[in-house]
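Letters go in sequence order (proteins before strands), and every chain restarts at 1. Remember, predicted model here, so these are calculated numbers, not experimental data.
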Amino acid sequence: MDAHTSSTCDMDELVELRRNLEEKSLEVDRLRQKLKLYEEHDKRHKAMLDCELINDNNLHTIPHLSVISKLENSSIARHSRQLILPEIGVKGQISIANTSVLIVGAGGLGCPSAIYLAAAGIGRLGIVDYDEVELSNLHRQVLHTEDRIGIEKSASVTTAIKGLNSSVVCIPYHMSLNSSNAIQVIQQYDIVLDCTDNVATRYLLNDACVLTGKPLVSGSALRFEGQVTVYNTQDGPCYRCLFPIPPPPETVTNCSDGGVLGVVPGIIGCIQALETLKIASGIGASYCQKLLVFDGIDGTFRTIKLRSKKKNCVVCSENPTITQLIDYEQFCGSKATDKSKTVKLLSNENRISVENYANIVKEKHYHVLVDVRTPCEMDICQLPNTINIPITEVGKNNDNMHKLKTAIDKLTDQVQTVPVYVVCRLGNDSQSAVQILQEMLSDLPVTIKDIRGGLVQWAKKIDPEFPQY
Amino acid sequence: MESAEVEVRLLFFAKSRELVGRKEDTIKLPIHLLPAGLWEGILAKHPCLQPISDNITIALNQEYIAREETEPIVLKEGDEIAIIPPLSGG
Ligand SMILES: [Zn+2]
């Protein structure tokens, strides 16, 4: 009896040991692969960064631009096609070569403007960005490459510029501009390009350019639309003359929520480069006191004649009340990034985790799933058995709402209260939808909750094969 | 004396396009009115624009209109009024 038991134990232990060993050796393989990947990445990274990244600690160390008074033969040959333009000529080209330009934002606008300025022979280019390259950037931020994913955007743009024109002095700033460093950075340049993606930085750049007397070539883009204005030059208005009050944060749509077709910021960034070259060469900007409005769907360019300086502008008038930089995140009520923020509208008992929802699906509990994303986003990916009610339609009297009520009705025979779960991409809209539905369906036997973190969390924690966008 | 009315075109850009849900509309407005009145007339027809009321450029026939201006403007049949909120993406 004892012998028998002990031998069974041994057998069990043997199986367990084999399984354990197999698991561990798989784990070792995985770790080896991961290490190899990281080592390669590190090697690539080091090779790319033969330039020093500038940050808050070494701001004063940036290389100077040596002033030239005549063109080298190599420069004459390189720029011959633009040298023979009478509007540019040798004088204009020398001016361009003696100009320092700061590009803030190495994204969809910054990439095209940087590369055309470098191609045209701008003397010195500062590139400011706090972010690293991601796969979802490449459709519009065309200077970054697949093998530079994970690398600092400012360094990535510098690498691209060096490949096209090694005579440009290119300075990558891996940092965010803010009220304590912006003046120091901007003072070292002649022209500033606003290629940023958020409201707070737009006000910061405006004020910093007014205070330092630099022209601000401002571009912006979203979806199929783009805008260009050159502020603070030739006696034209500044950004605050036009927009004294920042927009309520909830009315601002960013590219990750609203979408953008890459070529649209491409077009706008190119116009920013053109305006900059005209300022640098002495031709002068066209979009000073003018707003270019580009509609890529209609293929129209409208030029709006803008107001002159506002007499009582808080920053650019003769009696300004803003004489030094302020806290722009506080002023705008929003962060100086375009990252989607997560809101919390619901208490925990009105929400469930993706893990709990996965369990509900696995155990085939009766429930109704509502997805509140747009039909366009539903086409990209969706969970099975979903009723789609776009957030703008939730609570209105329409077919989708009718479908939801029918689905709830059907389940009332099976369960006393019907659980309704609401999902979206990030878990923000789903919370607003729950609030509306709870009120609207209060006479039905339902419990309505949102799935915390939405489909992004689903992909992260439950189904790694689920598409992320 | 009540001023006669004309029909003008409204063009919506950026956030105003999103809020109104279309690119264009027409609206009847008095021939003589103050810039502030012009905006009130547009808001009355499209109250959904209220949240961005303080954050837009208004252009009449591609020329900026300052809302605080006290000089009345004169509208003609078919004039084009563009509502242009700033974009902030890049
Ligand atoms: Zn101003």
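Using a 4.5 Å heavy-atom cutoff, the side chains of A:K309 and A:S317 are not in contact. Contact annotation: the side chain of A:P390 approaches that of A:N400 to within less than 4.5 Å [non-hydrogen atoms, C-beta and beyond].
For chain B, the option among A:D194, A:V264, A:V293, A:I268 with the highest count of heavy-atom pairs below 4.5 Å is A:V293. For the set A:V260, A:D338, A:T251, the count of heavy-atom pairs under 4.5 angstrom toward chain B peaks at A:T251. Here A:P247 is the residue among A:P265, A:P247, A:G108 with the most heavy-atom pairs under 4.5 Å with chain B. Ranking A:T253, A:V199, A:L222 against chain B, the residue ahead of the rest is A:T253, based on heavy-atom pairs under 4.5 Å. Of the listed residues (A:L291, A:T196, A:T201, A:N254), the greatest number of heavy-atom pairs within a distance under 4.5 Å of chain B belongs to A:T196.
Using a 4.5 Å cut-off between heavy atoms, B:I56 touches chain A through its backbone atoms (N, CA, C, O) alone. Of the atoms belonging to A:N198, it is backbone heavy atoms, and not side-chain ones, that fall under 4.5 Å from chain B. Contact of B:E69 with chain A is not made at all, since no heavy-atom distance falls under 4.5 Å. When heavy atoms are compared at a cutoff of 4.5 Å, A:P246 approaches chain B solely by way of its backbone atoms N, CA, C and O.
The pair B:E68-A:K310 does not count as a salt bridge, with every side-chain nitrogen at least 4.0 angstrom from each carboxylate oxygen. Using a 4.0 Å cut-off between charged side-chain N and carboxylate O, A:D295 and A:R302 make no salt bridge. Electrostatic pairing of A:K396 and A:E393 does not count as a salt bridge here, judged by no charged N lying under 4.0 Å from a carboxylate O.
Under a cutoff of 6.0 Å and an axis angle of 45°, A:R373 and A:Y469 do not form a cation-pi pair.
Here CZ of A:R202 is found 5.0 Å from OG of A:S218. Values are rounded to the nearest 0.5 Å.
Of the options A:Y328, A:Y239, A:Y231, a ring pair (Phe, Tyr, Trp, His ring centres under 6.0 Å) to A:Y203 is made by A:Y239 and by none of the others.
A search for salt bridge (Lys or Arg N to Asp or Glu O under 4.0 Å) contacts involving A:R140 returns nothing, not counting sequence neighbours.
Inspection of non-hydrogen atoms places B:P51, B:I52, B:D54 of residues 38-54 of chain B under 4.5 Å from chain A.
Nearest heavy-atom pair across B:V6 and B:I31 is CG1-CG1, 3.7 Å.
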